[in-house]
Amino acid sequence: MFGKTVHISIPPELADEASLLTYLGLGADELKKIRYYRASMYHNFPIGTDGRKRRIINAPDARLKFLQRRISDKLADIYRRRNPVHGFVAERSVKTNALAHMRRKYVVNIDLANFFPTISQNRVEGMLLSLNLDASVAQIIGIICCNKGILPQGAPSSPLLSNMICFKLDKGLMNFSKEARCIYTRYADDLTFSSFHPPAALFETAPPPAGRLSSEQLASQLRRLIIQNGFSINERKLHYADRDSRRLVTGLKINQILNVDRRYVRNIRAALFSVERNGIKGAEKTYHKEHGGRGSLAEHLRGKISFLSHIKGQHDPVVRGLAIRFNQCFPHWPITVTPTKNEVRDRAVWVVENETSSQGTAFFLRGVGLVTAAHCVEGVNEVDIFHPSKPSNKFKAKIFKREPHLDLAVLSHAIPENEYFELSKS
């Protein structure tokens, strides 16, 4: 909860019980039914594979979901997001959360155990009372947005309410991280601290070796802030990474460039290979049986490739290669890859390097091929070519045609089409 009373402007729809019920289109009889029978209004199902802890999702029926969304819309007018919060807020995502820690050498990841079930209906109503909402309004919101006395994971109102509950926690951890000279962010139940120097203030003693941690190794002040705000630490997901280890923030690598874990791409490729080898029905049967999939494999893969595109950009060769394979497997539901002009320009311009290690610029021109200056390839028949983002990933190119008086040369190559874009002559 927020502690002392916070003075905010209450939306008129939340001013009193009558206004709220009118806004929701909810009568006293239906509210009574929800209060006593709401458990039957949820569809509960597990997600996650057998090798990992399975979470129970509580999905409300259409009517209850509608009411929860209406309430969430108005509570959004009250909630004031703190800067470290990246989960469940507009224009923020796991990507912005990871970017906040980009290239920092030391990272501590803390996961809050049983995040949504830890937030009780009493806590929700108490938090709303601290914001000066009427007691009857707070109670009605608690009845509609909670189930079995806790915040259900799967209700559209739960993300915003969890952020509101964490308002005081975020403030405390912001102040703590400032004193510790660290960056702090939170994405739902994932807390991340990072710094350029060994974060001694985050630990009870000296920073430990990289790897799994025990909560007892964390600074007592840090543990106390989490416990005093009604949460506990998930011991299984407590991790410390230093400058010599892989650093992850909400599943994304932040060592040099923002990237997903290699297993993410490997799993997409494996699923596409299964479709190519066994057909859609055979691959989907395997997906359901071995990986606990529930819906369409095409929809699942499309979502994973879209997320990868969001992280790496549509111009990235890996994204383009996976999109091409997906479109071949599912031609009736293709992924459209439309790069921006800057992305086309970036991926169309490459570096030419000859045997003397002299370098020049080359570019892919639609209808012509790979073009460079003739003086860059003078006296040689073969050169190395690479994109500036990956200088170690070199391809061989041969001189196909020279025009010394125009200082132009055209190169032949075997670079995969997903690695580059072509500039238009116009």
Side-chain angles (χ1 to χ4, degrees), residues 95 98-99 102-103 105 243 246 252-262 264-266 268-269 272 305 308-328 334-426:
K95 181 176 182 178
L99 284 172
M102 196 66 200
R103 297 190 180 90
K105 305 300 182 184
R243 63 188 309 148
R246 184 180 61 170
L252 300 179
K253 293 192 290 185
I254 61 166
N255 287 38
Q256 294 299 325
I257 61 172
L258 195 65
N259 205 351
V260 298
D261 186 87
R262 66 181 63 184
Y264 187 92
V265 174
R266 190 185 304 143
I268 297 175
R269 286 176 173 154
L272 290 172
I305 295 172
L308 188 65
S309 175
H310 171 65
I311 299 301
K312 296 171 71 69
Q314 292 188 10
H315 67 293
D316 182 83
V318 173
V319 174
R320 296 185 67 220
L322 292 174
I324 290 170
R325 287 181 66 183
F326 178 91
N327 292 345
Q328 292 170 344
I335 295 175
T336 302
V337 179
T338 309
T340 66
K341 289 182 179 180
N342 287 337
E343 288 174 336
V344 171
R345 190 180 302 113
D346 171 75
R347 208 68 206 179
V349 180
W350 287 49
V351 177
V352 170
E353 186 176 77
N354 61 34
E355 58 188 13
T356 65
S357 296
S358 297
Q359 293 184 348
T361 300
F363 58 92
F364 292 88
L365 184 62
R366 185 171 298 137
V368 177
L370 182 57
V371 180
T372 189
H375 71 266
C376 291
V377 294
E378 186 176 358
V380 298
N381 293 316
E382 187 178 74
V383 293
D384 289 324
I385 182 166
F386 59 88
H387 190 264
S389 67
K390 288 187 177 180
S392 61
N393 191 24
K394 296 182 178 179
F395 300 89
K396 294 294 183 181
K398 294 183 177 181
I399 315 309
F400 175 69
K401 189 174 183 179
R402 301 177 201 260
E403 293 288 349
H405 64 290
L406 297 175
D407 196 22
L408 290 175
V410 180
L411 312 178
S412 62
H413 64 89
I415 303 173
E417 64 177 11
N418 63 292
E419 291 280 346
Y420 62 88
F421 286 127
E422 294 177 317
L423 298 174
S424 172
K425 290 186 227 181
S426 58

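Numbering starts at 1 and runs along the sequence shown.
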Checklist line | CD (E382) with more than 12 external heavy atoms under 6.0 Å | finding: yes
Notebook entry, point to check: Any chance CZ of R402 has more than 12 other-residue heavy atoms, nucleotides or ligands included, within less than 6.0 Å?
Noted result: yes
If you take all heavy atoms of [X] and [Y], which pair is closest and at what distance?
X: P404; Y: A374; value: CA-CB, 4.2 Å
X: N418; Y: G321; value: CB-N, 3.8 Å
X: F395; Y: P416; value: CE2-CD, 3.8 Å
X: H315; Y: E343; value: ND1-OE2, 3.5 Å
X: F421; Y: V344; value: CD1-CA, 3.7 Å
X: M102; Y: L258; value: CE-N, 3.1 Å

Compare all side-chain heavy atoms of [X] with those of [Y] and state whether any distance is below 4.5 angstrom.
X: N393; Y: F386; answer: no
X: V371; Y: L408; answer: yes
X: V410; Y: L370; answer: no
X: D384; Y: K396; answer: yes
X: N381; Y: K398; answer: no
X: L411; Y: I399; answer: yes
X: K401; Y: V368; answer: no

Checklist line | No-hydrogen, no-angle side-chain donor-acceptor test under 3.5 Å, H375 and D407 | finding: yes
Checklist line | Candidate pair N259 and K312, rule side chain to side chain donor-acceptor pair (under 3.5 Å), full reasoning | finding: CA-CA 7 Å; N259 205 351; K312 296 171 71 69; 3.1 Å; yes
Notebook entry, point to check: Is a side-chain donor or acceptor of N327 paired with a backbone partner of I335 at a separation under 3.5 angstrom?
Noted result: yes
Margin query: Using only atom types and a distance under 3.5 Å, with no angle test, would you say the side chain of R320 pairs donor to acceptor with the backbone of Y420?
Written below: yes
Note to self: Going by the rule salt bridge (charged side-chain N to carboxylate O under 4.0 Å, His left out), which residues pair with R345 if we only count those two or more places apart in sequence or in a different chain?
What the structure shows: none
Next item on the list: For the pair D346 and H387, evaluate side-chain contact (heavy atoms from CB on, under 4.5 Å) and give the outcome as yes or no after the intermediate values.
Entry: CA-CA 9 Å; D346 171 75; H387 190 264; 3.7 Å; yes
Could you pull out all donor-acceptor pairs under 3.5 Å where a side-chain atom in residues 359-367 meets a protein atom, sequence neighbours excluded?
| from | atom 1 | to | atom 2 | distance (Å) |
| --- | --- | --- | --- | --- |
| Q359 | NE2 | E353 | OE2 | 2.9 |

Next item on the list: Assess whether side-chain contact (heavy atoms from CB on, under 4.5 Å) is satisfied between V260 and L252, documenting all intermediate values.
Entry: CA-CA 5 Å; V260 298; L252 300 179; 3.8 Å; yes
Margin query: Using the rule given for side-chain contact (heavy atoms from CB on, under 4.5 Å), can you reason through V377 versus N354, listing the C-alpha separation, both sets of side-chain angles and the distance that settles it, and then say yes or no?
Written below: CA-CA 7 Å; V377 294; N354 61 34; over 6 Å; no
Note to self: Please determine whether side-chain contact (heavy atoms from CB on, under 4.5 Å) holds for the pair D261 and R246, giving the CA-CA distance in whole Å, both sets of side-chain angles, and the decisive distance to 0.1 Å.
What the structure shows: CA-CA 10 Å; D261 186 87; R246 184 180 61 170; 2.3 Å; yes
Check: Once you round to the nearest 0.5 Å, how far does CZ of R325 lie from CD1 of I305?
Finding: 9.0 Å
Note to self: Under 4.0 Å between a side-chain nitrogen and a carboxylate oxygen: does that hold for R347 and E419?
What the structure shows: yes
